[in-house]
Asks: 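Handing you this structure, nothing more for now.
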There are 2 protein chains.
Amino acid sequence: MKRNTWQREAVRTALSESDGFISAQALHGQLRDGGSTIGLATVYRALTDLTDEGEADSLTQDGEALYRACTPDTHHHHLICRRCGATEEIEADPVEEWARRIAAEHGYTRAEHVVDIFGLCPACSRLSESAPSA
Amino acid sequence: MKRNTWQREAVRTALSESDGFISAQALHGQLRDGGSTIGLATVYRALTDLTDEGEADSLTQDGEALYRACTPDTHHHHLICRRCGATEEIEADPVEEWARRIAAEHGYTRAEHVVDIFGLCPACSRLSESAPSA
DNA sequence: CGTCTTACTGATAACGATTGTCAAAACGGT
DNA sequence: ACCGTTTTGACAATCGTTATCAGTAAGACG
């Protein structure tokens, strides 16, 4: 049976109060700063559980996993600058539908998709024109 | 000055011959299997360079970085089975168009996109029903 | 063609993020 | 309050990746 502990609740609360994506370690540090004695492993476990239960979204950015409280209505993807690393959230409704259809057509179940666009953001595009790197 | 070594060329070749995304370690293993004595660190360095130079795209899936040769002859995407690793090539024309539009709307240039669908193939879906892992 | 400079290489150590381990503590039904 | 089970927290282990460093070789120059 799943138990209800203050640790899990603390992670859930901290995550929903946190603005945007946050790493497990950062969240742990934040909790400790707030006086909590919660352990790092517990934070990882809680975040994994929350993600499994659909209460949190996760993505990996530069080798570390970032988590965000899930607002179930906003599944979106990212537009990422190859040079400066800036990311923008983008809507991909047509793609969601397409992905579902393709998976179904091929008999695939439990389909998840990775949809990200890499490019040069406006600022870096200008830099690239004046000082081409390649 | 940038030098031209057989190691770098080997990585470039292996990457472009590889179908879809591949991890640095897998690429290294593949090269070693092919008789090369190339070192793991060199593969990482070459892949990083190729990515910086825009000759390769990278994404991180499940904690590890995957690489793919940029500007492939036949641009297509993949439907990948999470359990058995089978991949099917899929057409994504509507997505190509959508990606171009999104990038343009946000002022991004030189846009490349990563579109892959992960799921369970028909066979593994059946297995999963009779012996659920989660 | 030989030499010299210096970027590149490869083995390994170091590193950071994450996961496994396991005894102790906490939860919740009784 | 008691008991069985789950969860916790500290720490070790693991995994992918990066830094280190002495040795090697690419490419410029004579």
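First the proteins, then the strands, lettered A, B, ... as listed; each starts at 1. Heavy-atom basis, side chains included; hydrogens, waters and symmetry copies ignored.
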Asks: If you measure from the Lys or Arg side-chain nitrogens to the Asp or Glu carboxylate oxygens, is any gap between Glu53(A) and Lys2(A) under 4.0 Å?
Replies: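 Result for this pair is yes, salt bridge flagged.
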Asks: Using heavy-atom distances to pick each residue's nearest nucleotide on DNA chain D, tell me which of Trp6(B) and Ala65(B) is more 5'.
Replies: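 Nearer the 5' end of the strand: Ala65(B).
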Asks: Rounded to whole angstroms, how far apart are NZ on Lys2(A) and P on dG29(C)?
Replies: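 Distance check: Lys2(A) NZ to dG29(C) P gives 16 Å.
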Asks: Could you say whether Asp49(A) or Gln25(B) is positioned toward the 5' end of DNA chain D, judged by the nucleotide with the nearest heavy atom to each?
Replies: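 Nearest-nucleotide comparison on DNA chain D picks Asp49(A).
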Asks: Answer with yes or no whether the side chains of Glu91(B) and His77(B) bring together a donor and an acceptor at under 3.5 Å.
Replies: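 The answer is no; no qualifying pair exists.
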Asks: Counting just side-chain N and O atoms, does Thr5(A) come under 4.0 Å of either OP1 or OP2 of dT8(D)?
Replies: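 Checking dT8(D) against Thr5(A), a side-chain N or O does come within under 4.0 Å of OP1 or OP2.
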Asks: Distance check needed: dT18(C) C1' versus Glu64(A) CD, whole Å only.
Replies: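 These atoms are roughly 11 Å apart.
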Asks: Can you find a donor-acceptor pair, distance only, under 3.5 Å between Arg8(A) side chain and dT7(D) base?
Replies: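 No, no donor-acceptor pair under 3.5 Å.
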Asks: Check DNA chain D against residues 35-45 of chain B and give the residues with a non-hydrogen atom under 4.0 Å, in numerical order.
Replies: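 The stretch gives Ala41(B), Tyr44(B), Arg45(B) as the residues lying under 4.0 Å from the strand, ordered by number.
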Asks: On a heavy-atom basis, which atom in Leu31(B) and which in Ala14(B) lie closest, and how many Å separate them?
Replies: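 In terms of heavy atoms, the two residues are closest at CD2-CB, 3.8 Å.
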Asks: Tell me: OH of Tyr67(B) to P of dT17(D), nearest whole Å?
Replies: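 It works out to 6 Å between those atoms.
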Asks: Could you go step by step and tell me if Val11(B) and Trp6(B) meet the side chain to side chain contact (heavy atoms under 4.5 Å, CB included) rule?
Replies: CA-CA 9 Å; Val11(B) 169; Trp6(B) 63 265; over 6 Å; no
Asks: Measuring to OP1 and OP2 of dT7(D), would you say a side-chain N or O of Gln7(A) lies under 4.0 angstrom away?
Replies: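 The answer is no; no side-chain N or O of Gln7(A) sits under 4.0 Å from OP1 or OP2.
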Asks: Would you say the side-chain atoms of His113(B) pair up with the backbone N or O of Trp98(B), donor to acceptor, closer than 3.5 Å?
Replies: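 Judged by distance alone, no pair lies under 3.5 Å.
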Asks: Between the side chains of Arg100(B) and Glu97(B), is the shortest nitrogen-to-carboxylate-oxygen separation below 4.0 Å, so that they form an ion pair?
Replies: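 Salt bridge absent between Glu97(B) and Arg100(B).
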Asks: Starting at atom CG of Leu66(B), determine the distance to atom C1' of dT17(D), rounded to an integer number of angstrom.
Replies: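 Whole-Å distance recorded here is 14 Å.
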